Amino acid sequence: MAAGMSHLHHTYGPVAALGIGPLRWTFLFGTDANELVLGNTENFEFSYGGLQAIAGDTALVALPNAENRTMRQLLRPLFDREHVDAYADRVLDRVRDRLAAWPRNTTVDAYTELRLAVRLASVDSFIGPGVLNREGNTLDTTLEQLHTVLNRSSILTLLVWNAPRLGRLRLRKPLSRIDRVVHAEITRRRSGATPTPDPIDPIGFLLRPGIYPELPAGDHTVRDTVVSLLIASYDPTSSALGWSLYGLLANPEVLAEAKREVARELGDEPVRAATARRLKYLGHVVAEAIRVHPPVVASARHCVKGFEVHGHRIPAGSRLMLSQFTSHRSPDSWPDPERFDPDRWDRTGTVTAAVPPAAYFPYGSPRRRCPGSGMAAVIVPAVLAAVLQAGDITLADNSPPRLDGFAALRPKAGLPVRVHQSH
């Protein structure tokens with residue numbers, strides 16, 4: 001999908017249409033189009049039918065703008081520092097378990113391994129403690145099945161994106177398993193069979209007497225919120241982790257500076273969420289990694305009224321795609337855009353101040369930003385630090401990874417790394 005959008009942009013310019021009927025999309029490229037669409041939420045409605053097919057009709061990704069703002073305000077306590085740090089620390093615990101199991105002097109797929117750690121921690125955090133013990137590998141396999149469909153760069157995926165009900169039919173078996181697990185956990189909470197953890201998790205929070213009556217569809221909204229948080233957390237976070245680690249390992253001078261920072265700021269102290277905030281340079285590494293390889297490669301919108309852009313008349317009802325992937329690599333906004341340069345994010349410099357806001361939106365627009373983005377900002381630098389503290393690894397293949405994925409950009413063949421004896 002990412003490479004295809006670059007091809008459309010280079011071939012047809014700032015406006016390109018692809019497909020017919022329910023598969024027709026209009027792709028808009030460049031900061032002018034980004035500013036036009038992202039700055040007018042009344043005419044350009046959020047449209048992520050593929051996610052809606054999984055998350056449900058009352059999930060944040062599915063709600064119209066006004067309802068979305070109300071729901072975000074209601075859920076705000078779940079994204080405060082205490083909750084984000086608790087989630088990040090669970091991820092770190094899972095990551096350390098995986099790192100300890102990596103055999104020395106062998107090759108492992110770091111992307112798949114870190115993705116698994118994030119996925120397991122997400123289930124612990126958003127559905128509840130003990131769920132994985134009760135469900136075994138079934139739940140983990142089911143979550144990956146859902147994301148496999150979402151991430152196929154195919155005509156079928158575009159059709160599912162336009163028709164959530166069709167998506168639900170195709171995904172009915174894995175969705176029914178997810179629904180059973182979440183609703184069973186809701187029942188366990190109400191009966192007291194599963195204590196709500198501290199800090200309170202999404203199910204415990206949404207069942208509180210002061211919150212539950214505000215939900216648009218009761219238990220269905222609890223289910224939709226939990227599933228949407230799972231989707232918003234582990235898939236984009238895993239993408240950012242994989243590309244950030246690749247950026248480190250593919251650039252020796254960047255890796256050396258990151259190691260110096262971890263040693264200087266943490267010493268022998270194992271990284272935790274609270275201490276990861278000291279790692280400013282690793283934060284720059286992550287910002288640069290998701291510029292070059294944004295987790296969300298495209299943002300979908302539906303226009304209520306027709307409009308004109310770059311001399312083209314776009315009719316009402318059109319489905320639109322903006323491209324983070326092409327915007328983040330545009331020489332109009334970024335000096336030497338193909339170069340991996342974390343120092344461009346040093347706030348003491350002038351580069352970031354010169355970049356138009358519409359040139360960089362890795363997790364979507366500010367008004368419909370992915371709710372997992374704040375979590376990723378803490379988790380990804382922390383996990384990178386944990387990997388560096390565990391020992392030395394190098395890329396097993398120095399050729400650039402092939403790109404894959406629709407809902408979240410990922411390395412097609414994973415990220416094979418060589419684990420050295422000191423790891």
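Quick caveat, the model's predicted, so the values are computed rather than measured. Residue numbers start at 1 and run along the sequence shown.
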Partners meeting salt bridge (charged side-chain N to carboxylate O under 4.0 Å, His left out) with Glu113 (sequence neighbours left out): Arg98

Any donor-acceptor N/O pair, Ser228 side chain to Thr225 backbone, under 3.5 Å: yes

Validation row: Arg272, Asp93 side chains within 4.5 angstrom (heavy atoms): yes

Sequence-distant partners of Ala193, side chain to side chain contact (heavy atoms under 4.5 Å, CB included), two or more places apart: Arg188, Ser191

Greater than 12 external heavy atoms within 6.0 Å of His302's NE2: yes

Heavy-atom pair of closest approach, residues Thr194 and Arg189: O-CD, 3.3 Å

Validation row: Arg72, Arg69 side chains within 4.5 angstrom (heavy atoms): no

Summary of salt bridge (Lys or Arg N to Asp or Glu O under 4.0 Å) pairs that have at least one residue in residues 323-333, sequence neighbours excluded: Arg329-Glu338

Option from Thr142, Val182, Leu143, Thr141 for which side-chain contact (heavy atoms from CB on, under 4.5 Å) with Arg177 holds: Thr142

Heavy-atom closest contact (Pro294 atom, Pro362 atom, distance): CB-CA, 4.4 Å

For Phe29, all residues meeting ring pair (Phe, Tyr, Trp, His ring centres under 6.0 Å), sequence neighbours excluded: His9

Side-chain donor or acceptor of Ser233 paired with backbone N/O of Leu230 under 3.5 Å: yes

Derivation of the side-chain contact (heavy atoms from CB on, under 4.5 Å) call for Ser299 and Phe46: CA-CA 8 Å; Ser299 288; Phe46 196 77; over 6 Å; no

Step-by-step side-chain contact (heavy atoms from CB on, under 4.5 Å) determination, Asn40 to Leu36: CA-CA 6 Å; Asn40 185 351; Leu36 172 67; 5.8 Å; no

Any donor-acceptor pair under 3.5 Å from Ser330 side chain to Ser327 backbone: no

Spacing of CG belonging to Asp179 relative to CZ belonging to Arg172, to within rounding of 0.5 Å: 14.0 Å

Gap separating the CZ atom of Arg339 from the CG atom of Asn251, nearest 0.5 angstrom: 10.0 Å

Exam field: side chain Glu82 to backbone Pro77, donor-acceptor pair closer than 3.5 Å: no

Side chain proximity check, Pro295 to Ile290, heavy atoms < 4.5 angstrom: yes

Leu403 side chain reached by Phe325 side chain, heavy atoms, under 4.5 Å: yes

Intermediate values then yes/no, side-chain contact (heavy atoms from CB on, under 4.5 Å), Asn68 and Glu45: CA-CA 11 Å; Asn68 180 276; Glu45 295 181 344; over 6 Å; no

For the student: nearest non-hydrogen atoms of Val378 and Ala88, plus distance: CG1-CB, 4.0 Å

Nearest atoms (heavy-atom pairs only) where Leu92 meets Ala382: CD2-O, 3.6 Å

Those residues that, when tested against Ala263, pass side chain to side chain contact (heavy atoms under 4.5 Å, CB included) (two or more places apart): none

Donor on one side chain, acceptor on other, Thr275 and Glu265, under 3.5 Å: no

Separation of Asn34 CG from Leu322 CG (nearest 0.5 Å): 5.0 Å

Over 12 foreign heavy atoms within 6.0 Å of CG, Asn137: no

Polar contact flag, side-chain donor to acceptor under 3.5 angstrom, Ser239-Tyr111: no

Contact check, side chains of Met71 and Leu215, non-hydrogen atoms, under 4.5 Å: yes

All ring pair (Phe, Tyr, Trp, His ring centres under 6.0 Å) counterparts of His83, not counting sequence neighbours: none

Test of ring centre spacing under 6.0 Å for Phe27 and Tyr12: no

Set of residues satisfying ring pair (Phe, Tyr, Trp, His ring centres under 6.0 Å) with respect to His293, sequence neighbours excluded: Trp243

Euclidean distance, Met5 CE relative to Leu18 CG, rounded to 0.5 Å: 11.5 Å

Leu249 and Thr394, any side-chain heavy atoms less than 4.5 Å apart: no

Aromatic ring pairing Trp345/Tyr360, orientation class (parallel under 30°, perpendicular over 60°, tilted between): tilted

Basic-acidic side-chain contact under 4.0 Å: Arg115, Asp109: no

Separation of Leu409 CG from Ser238 OG (nearest 0.5 Å): 12.5 Å

Considering all heavy atoms, the nearest Leu279-Pro381 contact: CD1-O, 4.3 Å

Just distance, no hydrogens or angles: give the donor-acceptor pairs under 3.5 Å from side chains in residues 126-136, sequence neighbours left out.
{"from": "Arg134", "atom 1": "NH2", "to": "Glu185", "atom 2": "OE1", "distance (Å)": "2.7"}
{"from": "Glu135", "atom 1": "OE1", "to": "Arg180", "atom 2": "NH2", "distance (Å)": "3.0"}
{"from": "Glu135", "atom 1": "OE2", "to": "Arg180", "atom 2": "NH1", "distance (Å)": "3.4"}

Non-hydrogen side-chain atoms of Leu388 and Val271 separated by less than 4.5 Å: no

Side-chain donor-acceptor pair present, Thr58, His220, cut-off under 3.5 Å: no

Salt bridge (charged side-chain N to carboxylate O under 4.0 Å, His left out) involving Lys280 - partner list, sequence neighbours excluded: none

Non-hydrogen side-chain atoms of Arg119 and Leu116 separated by less than 4.5 Å: yes

Summary of salt bridge (Lys or Arg N to Asp or Glu O under 4.0 Å) pairs that have at least one residue in residues 283-298, sequence neighbours excluded: Glu288-Arg291, Glu288-Arg344

Those residues that, when tested against Tyr246, pass ring pair (Phe, Tyr, Trp, His ring centres under 6.0 Å) (two or more places apart): none

Listed once per pair and sorted, the salt bridge (Lys or Arg N to Asp or Glu O under 4.0 Å) pairs that draw on residues 25-42, sequence neighbours left out: none

Trace of the side-chain contact (heavy atoms from CB on, under 4.5 Å) decision for Phe44 with Leu320: CA-CA 9 Å; Phe44 300 100; Leu320 313 173; 3.6 Å; yes

Separation between OG of Ser125 and CG of Leu78, rounded to the nearest 0.5 Å: 11.0 Å

Atom of Thr31, atom of Ala358 and distance for their closest heavy-atom approach: O-CB, 3.9 Å

